[in-house]
Amino acid sequence: MALRHKPDRTHHYNVRCHWSGSTSAGYEGFSRAHDAETPPAELSLRLSGDSSFGGDATLVNPEQLVVLAAASCQLLSFLAVAARARIDVLRYEDEGAGIMPEDDPPMRLTSIVLKPTIWVAAGPTDERVAHLVGVAHRECYVANSLRTDIRVEPTIIIEPPAEDGTG
């Protein structure tokens, strides 16, 4: 039995990546480990299709994994670029979203928007960090592998130095 879809429906896929630590030791010294979520599904290596296509909504679907791959790759590319530039990244959180309209064949994700919030230690300017976000985007192999339009819209937070002079 074939599923019938209304031609005017659009699907949205959301992911979150979380990282915290420090890149102050440079490229070799920061942890690449990070956490990822794909709401509303529970993170699992078991996969299913989108519930709109008859899949199990409690499992991660391939569309979420594509968006998650773009977000995770951007995170790791940015940490590497920032560490090489000796920028001390303290925290990185991303809210990514993918859009897949059914009325624009062939079926595909037509856009992914990544909205990372990036906390860095005092020192660099917002412009410098934003430039490095762009460099990381150009170096992200997932973004380079997809035909989907991927935009990165960062929020940059420069942490003030500690008042006791320790940071």
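Throughout, residue positions are numbered sequentially from 1 according to the sequence presented. The structure presented is a predicted model; accordingly, all values stated were derived computationally and were not measured.
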Report task. Run the numbers on Glu127 and Val129 for side-chain contact (heavy atoms from CB on, under 4.5 Å), then give the verdict. Result -> CA-CA 5 Å; Glu127 294 78 18; Val129 177; over 6 Å; no
Query raised in the report: Would Tyr13 and Asn61 count as having a side-chain donor-acceptor pair, cut-off 3.5 Å?
Result: no
Requested in this report: Using a 4.5 Å cut-off on heavy atoms from C-beta on, say whether the side chain of Tyr141 contacts that of Cys73.
Outcome: yes
Report task. First locate atom CG of Leu109, then atom CD1 of Ile150, and finally report the distance between them rounded to the nearest 0.5 Å. Result -> 9.5 Å
**Report entry** Short side-chain to backbone donor-acceptor contact, Thr148 and Ser111, under 3.5 Å
**Finding:** no
Report summary line: Residues passing the salt bridge (charged side-chain N to carboxylate O under 4.0 Å, His left out) test with Arg91, sequence neighbours excluded, are Glu93
**Report entry** Separation of Gln64 CD from Asn14 CG (nearest 0.5 Å)
**Finding:** 8.0 Å
Query raised in the report: Rounded to the nearest 0.5 Å, what separation is found between the OG1 atom of Thr23 and the OH atom of Tyr92?
Result: 13.0 Å
Query raised in the report: How long is the span from the CG atom in Leu146 to the CZ atom in Arg108, to the nearest 0.5 Å?
Result: 12.5 Å
**Report entry** Nearest-0.5 Å distance that lies between atom CG in Asp126 and atom CD1 in Ile156
**Finding:** 5.5 Å
Query raised in the report: Going through the distances and angles, do His11 and Glu102 end up as a side chain to side chain donor-acceptor pair (under 3.5 Å)?
Result: CA-CA 8 Å; His11 302 275; Glu102 286 187 26; 2.5 Å; yes
Query raised in the report: Can you find a pair of side-chain heavy atoms, one from Pro154 and one from Val152, that are under 4.5 Å apart?
Result: yes
Query raised in the report: What closest approach, in Å, do Ala71 and Val15 show between heavy atoms, and which atom pair accounts for it?
Result: CB-CG2, 4.0 Å
Report task. Take Arg138 and Ser77 through the side-chain contact (heavy atoms from CB on, under 4.5 Å) test and state the conclusion after the steps. Result -> CA-CA 9 Å; Arg138 289 188 297 276; Ser77 295; over 6 Å; no
Query raised in the report: Would you call Glu159 and Leu90 a side-chain contact if the rule is heavy atoms closer than 4.5 Å?
Result: yes
Requested in this report: Could you pull out the closest heavy-atom pair between Ala70 and Cys140, with the gap in Å?
Outcome: O-SG, 4.3 Å
Report summary line: What one should report as the nearest heavy-atom pair of Ile87 and Pro124 is CD1-CB, 3.5 Å
Requested in this report: Identify, with sequence neighbours excluded, every residue that meets side chain to side chain contact (heavy atoms under 4.5 Å, CB included) alongside Thr117.
Outcome: Trp119, Thr155, Ile157
Query raised in the report: Got a second to check how far Ile99's CD1 is from Asp149's CG, nearest 0.5 Å?
Result: 10.0 Å
Query raised in the report: Judged by modelled atom types alone, do Asp88 and Ser22 share a side-chain donor-acceptor pair under 3.5 Å?
Result: yes
Query raised in the report: Can you tell me if Ser72 uses its side chain to pair, donor with acceptor, with the backbone of Leu68 under 3.5 Å?
Result: no
Query - Atom of Met107, atom of Pro101 and distance for their closest heavy-atom approach - result: SD-O, 3.6 Å
Query raised in the report: Taking only residues two or more places apart in sequence, or in another chain, which ones meet Glu153 in a salt bridge (charged side-chain N to carboxylate O under 4.0 Å, His left out)?
Result: Lys115, Arg151
Requested in this report: Please tell me if the side chains of Val89 and Ile118 come closer than 4.5 Å, counting only heavy atoms from C-beta onward.
Outcome: yes
**Report entry** Shortest non-hydrogen contact between Pro160 and Ala122, atoms and distance
**Finding:** C-CB, 4.3 Å
Query raised in the report: If you group Ile, Leu, Val, Met, Phe, Trp and Tyr by side-chain heavy-atom gaps below 4.5 Å, do Val66 and Val113 land in one group?
Result: no
